[in-house]
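To start, the structure under review is shown below, and the notes come after it.
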Amino acid sequence: MLIDKKLERQTLLLTLKGELDMNTSESLRQTIDSEIERRGVRTVILNLEGISFIDSSGLGVILGRYKKLLPMGGKIIITRVPPHIYKIMELSGLPRIIQFEDMLNQEDGRKGKTV
């Protein structure tokens, strides 16, 4: 998995490409945790447009970072999720607790706004 990282003030934008699974989730966890601890990041935005696969360990890393940021007044925003990845996230219940924005339209790939 490739991770493109941009940091502005207390917001970390990560654009991910590839598979977010048991082989790559630890790298994502370490990237986010180090920015929270070293730079005081309070908002993490995950652009998942380039993610082709996610498993339970990938979902667990996202949920774990949400739980880590919540007591600090922070949040995670997930954006640009492909429809097949969103379905997996929906089954896990993530959209009920984590903010989703700028979703990819399921029919034709155009951008659409959702919560």
Side-chain angles (χ1 to χ4, degrees):
M1 177 180 64
L2 298 172
I3 301 174
D4 180 48
K5 179 171 64 171
K6 292 181 183 161
L7 185 65
E8 187 173 318
R9 296 189 188 115
Q10 291 185 314
T11 299
L12 175 66
L13 169 61
L14 298 176
T15 302
L16 309 179
K17 185 173 185 176
E19 297 184 353
L20 181 50
D21 57 19
M22 64 185 236
N23 296 317
T24 60
S25 59
E26 181 62 19
S27 172
L28 178 61
R29 186 194 65 75
Q30 289 175 355
T31 298
I32 295 172
D33 283 355
S34 96
E35 295 299 331
I36 290 171
E37 291 159 15
R38 289 186 315 141
R39 304 192 195 255
V41 164
R42 292 298 173 259
T43 301
V44 176
I45 302 171
L46 297 175
N47 179 335
L48 302 185
E49 186 172 15
I51 291 293
S52 58
F53 176 80
I54 190 167
D55 70 6
S56 60
S57 59
L59 296 170
V61 166
I62 293 171
L63 183 59
R65 297 323 93 208
Y66 164 80
K67 288 181 177 180
K68 183 172 188 159
L69 285 166
L70 195 61
M72 303 175 192
K75 64 182 175 179
I76 287 188
I77 300 170
I78 299 176
T79 184
R80 310 280 302 157
V81 182
H84 68 285
I85 300 295
Y86 183 78
K87 285 180 184 177
I88 294 167
M89 295 179 140
E90 194 172 34
L91 289 171
S92 73
L94 280 183
R96 288 190 297 248
I97 59 171
I98 294 177
Q99 183 178 345
F100 281 71
E101 291 184 355
D102 197 21
M103 300 298 293
L104 296 176
N105 186 295
Q106 293 197 9
E107 284 79 38
D108 59 10
R110 290 183 303 181
K111 288 193 289 185
K113 194 85 167 170
T114 189
V115 173

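Index from 1, following the sequence.
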[atom1]-[atom2] distance between [X] and [Y], expressed to the nearest 0.5 angstrom:
| X | Y | atom1 | atom2 | result |
| --- | --- | --- | --- | --- |
| Ile76 | Leu70 | CD1 | CG | 10.0 Å |
| Leu7 | Gln10 | CG | CD | 9.5 Å |
| Leu16 | Ile85 | CG | CD1 | 11.0 Å |
| Leu94 | Phe100 | CG | CZ | 5.5 Å |
| Ser92 | Ile62 | OG | CD1 | 8.5 Å |
| Ser25 | Met1 | OG | CE | 7.5 Å |

Give me the atom names and distance for the closest heavy-atom approach of [X] to [Y].
| X | Y | answer |
| --- | --- | --- |
| Glu19 | Thr24 | O-OG1, 2.7 Å |
| Arg42 | Leu69 | O-CD2, 3.9 Å |
| Leu20 | Ile51 | CB-CD1, 4.1 Å |

Give a yes or no on whether the backbone of [Y] and the side-chain of [X] come within a donor-acceptor separation of less than 3.5 Å.
| X | Y | result |
| --- | --- | --- |
| His84 | Phe53 | no |
| Thr79 | Glu101 | yes |
| Asp55 | Gly58 | yes |

Do [X] and [Y] sit in one hydrophobic cluster, given that two such residues count as connected whenever their side-chain heavy atoms are within less than 4.5 Å of each other, even indirectly?
| X | Y | answer |
| --- | --- | --- |
| Tyr66 | Ile77 | no |
| Leu59 | Ile45 | no |
| Leu28 | Leu13 | no |

Check this for me, if you would: do Glu37 and Lys68 make a salt bridge, where the nitrogen-to-carboxylate-oxygen distance has to be below 4.0 angstrom?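 Answer for the salt bridge query: yes.
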Closer than 4.0 angstrom, basic N to acidic O: yes or no for Glu90 and Lys87?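 Salt bridge flag = no for Lys87 with Glu90.
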Crowding at CZ, Arg38 (>12 non-hydrogen neighbours, <6.0 Å): yes
State whether the number of non-hydrogen atoms from other residues, nucleotides or ligands found under 6.0 Å of Met22 atom CE is greater than 12.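 Atom CE in Met22 is not crowded, with 12 or fewer foreign heavy atoms closer than 6.0 Å.
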Which of these, Lys6, Lys5, Arg65, sits in a salt bridge (Lys or Arg N to Asp or Glu O under 4.0 Å) with Glu35?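 Exactly one option meets the salt bridge (Lys or Arg N to Asp or Glu O under 4.0 Å) with Glu35, and it is Lys5.
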Do Ile97 and Leu63 make a side-chain contact, defined as non-hydrogen atoms from C-beta onward lying under 4.5 Å apart?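 Yes, at least one pair of side-chain atoms sits under 4.5 Å.
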Passes side-chain contact (heavy atoms from CB on, under 4.5 Å), Leu12 versus Arg39? Steps please. CA-CA 10 Å; Leu12 175 66; Arg39 304 192 195 255; over 6 Å; no
Going through the distances and angles, do Leu48 and Met89 end up as a side-chain contact (heavy atoms from CB on, under 4.5 Å)? CA-CA 12 Å; Leu48 302 185; Met89 295 179 140; 3.4 Å; yes
